[in-house]
Amino acid sequence: ILSGLVGSEMCIRDSAAPIRFITQEGNNMIRVLTAALLATAAYAGPASAQSGGTVDLAYVEWSDAVVATNILKAVLEQEGYTVNLTPLPAAAMWQAVATGEADAMVAAWLPVTHAAYYEELKDQVELIGPNVEGAKIGWAVPAYTDIASVADLKEKGGLVDNQVIGIAPGAGLMQASEKAIEEYDLSSIKLVEGSDATMTAALKDAIDRKEDIVVTTWTPHWMFGRWDLKYLEDPMGAFGGEETVNTVARLDLAEDMPEVHAILKNFKLSLEEEQKVMLENEEGADPATTAKAWVEANADTVSQWTAASQ
């Protein structure tokens, strides 16, 4: 039902555009479904002000958000909190934090990908700030491929059968890819629709065969930990600039749970750290287990996050 209400919002790396087209009925249904999902995760109302209380985190099931959210959960549990995780579509995730049904989330892509969500709800949430810097979207190729720029595909498209392997139709990355094809006048290039899974499978197959391929992608992504890849240069800026992944909290969290708010404010991961854990998860490890292992192996970093909450 929710997928039908928000259309392509369910897509990986979706732009926030669909929030502008959700009807009032759709908005109400999203709130109902969000509340139901949070209740399933043992949600019991806005978290209490006491240390050692319950913290409700919403997240989207993108591999980077899964890593960051589970690491944060492990840290908060180490500090004595009970933590509930609720996976939601991006629109519902933002609304859950805005309404106080969730305390926070660490999966807000800004300034571009989730721009419309933030514009719609900025007066109802607290933007704490970046937890990952250097995020981006674009097209990538194996390092051995003799293509350096998006513009090169006009002359070298034959190397990749005049195709760019994409993800779900309607996703923000696909919209940006369509824009790139238009701006670079790549009329002979076909953008192939699919999913994250089909895109990475095509990439694996091409690399195994030492063949050339262009795929739509983003950073952080586990593929950069598995294969030697390079982004194609984008001199016309069709894919926008660097983005950050941000922590967003309900408005009264700092007052209600200052210790939790302090940890959220200090919570930061590097691309390399996140992508390493993403790859472990992709290879079959349990996200909760890899998160706890990361926390144990990075005690000094974690102590910096929690120091202000003591």
Side-chain angles (χ1 to χ4, degrees), residues 8-18 59-69 87 89-90 93 105-118 130-143 145 147 149-150 164-181 191-204 206-207 213-234 236-247 269-279 281-282 287:
S8 63
E9 196 284 317
M10 293 288 288
C11 300
I12 294 172
R13 295 292 168 250
D14 186 19
S15 71
Y59 70 105
V60 282
E61 292 185 287
W62 300 334
S63 53
D64 57 306
V66 169
V67 168
T69 306
M93 173 184 69
M105 51 99 157
V106 290
W109 278 60
L110 295 169
V112 177
T113 306
H114 285 174
Y117 296 143
Y118 180 59
N131 58 66
V132 172
E133 297 185 337
K136 64 184 294 186
I137 62 173
W139 291 350
V141 298
T145 293
I147 301 175
S149 167
V150 174
V164 173
I165 308 302
I167 55 171
L173 176 53
M174 293 293 276
Q175 294 173 16
S177 295
E178 291 167 355
K179 178 183 176 184
I181 288 172
L191 180 61
V192 180
E193 297 175 351
S195 66
D196 182 28
T198 59
M199 178 270 290
T200 52
L203 178 61
K204 178 183 184 302
I207 290 175
I213 188 172
V214 178
V215 298
T216 60
T217 191
W218 59 90
T219 301
H221 195 294
W222 59 262
M223 67 168 64
F224 292 96
R226 176 171 292 181
W227 300 298
D228 188 9
L229 307 171
K230 63 182 180 183
Y231 273 99
L232 295 184
E233 296 174 7
D234 176 26
M236 298 184 73
F239 293 102
E242 182 177 296
E243 291 207 81
T244 57
V245 186
N246 292 264
T247 301
L269 294 168
S270 71
L271 288 175
E272 294 73 21
E273 290 169 331
E274 195 168 44
Q275 287 178 166
K276 181 179 178 181
V277 182
M278 289 165 68
L279 181 57
N281 292 347
E282 169 61 22

So, for [X] and [Y], which heavy atoms are closest and what is the spacing to 0.1 Å?
| X | Y | value |
| --- | --- | --- |
| I213 | T145 | N-OG1, 4.3 Å |
| G166 | T216 | CA-OG1, 3.3 Å |
| E243 | V112 | OE1-N, 2.8 Å |
| S149 | E233 | OG-O, 3.4 Å |
| V214 | V141 | CG2-CG1, 3.5 Å |
| S177 | L191 | CB-CD2, 3.7 Å |

*Side chains of Y231 and T219: donor-acceptor distance under 3.5 Å anywhere?*
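A donor-acceptor contact under 3.5 Å links the two side chains.
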
*Taking atom types as modelled and ignoring hydrogens, do the side chains of H221 and D196 form a donor-acceptor contact shorter than 3.5 angstrom?*
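D196 and H221 do have a side-chain donor-acceptor pair below 3.5 Å.
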
Heavy atoms, side chains only, cut-off 4.5 Å: are [X] and [Y] in contact?
| X | Y | value |
| --- | --- | --- |
| W222 | T200 | yes |
| P87 | Y59 | yes |
| N246 | Y118 | no |
| M223 | M199 | yes |
| I167 | S195 | no |
| T217 | I137 | no |
| W227 | L203 | yes |
| W109 | W62 | yes |

Distance check, rounded to the nearest 0.5 Å: [X] atom [atom1] versus [Y] atom [atom2]?
| X | Y | atom1 | atom2 | result |
| --- | --- | --- | --- | --- |
| L173 | E178 | CG | CD | 10.0 Å |
| Q275 | E272 | CD | CD | 7.0 Å |
| L229 | I207 | CG | CD1 | 5.5 Å |

_Stepwise side-chain contact (heavy atoms from CB on, under 4.5 Å) check, L269 with D64_ = CA-CA 11 Å; L269 294 168; D64 57 306; over 6 Å; no

_Contacts of type ring-ring contact (aromatic ring centres under 6.0 Å, His included), residue F239, not counting sequence neighbours_ =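 If we apply the ring-ring contact (aromatic ring centres under 6.0 Å, His included) test to F239, skipping adjacent residues, the hits are W139.
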
*Exceeds 12 heavy-atom contacts within 6.0 angstrom, atom NZ of K230*: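 Atom NZ in K230 is packed in, count exceeds 12.
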
*Evaluate the criterion side-chain contact (heavy atoms from CB on, under 4.5 Å) for residue pair T244 and V132; output intermediate values, then yes/no.*
CA-CA 6 Å; T244 57; V132 172; over 6 Å; no

*asked:* I'd like to know if the side chain of E274 and the backbone of L271 have a donor-acceptor N/O pair within less than 3.5 Å.
replied: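 Checking the backbone N and O of L271 against the side chain of E274, no donor-acceptor pair under 3.5 Å is found.
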
*What do the steps show when you test H114 against M93 for side-chain contact (heavy atoms from CB on, under 4.5 Å), and what is the final call?*
CA-CA 11 Å; H114 285 174; M93 173 184 69; 4.2 Å; yes

_K136 vs E242, side-chain contact (heavy atoms from CB on, under 4.5 Å): CA-CA, chis, key distance, verdict_ = CA-CA 5 Å; K136 64 184 294 186; E242 182 177 296; 5.6 Å; no

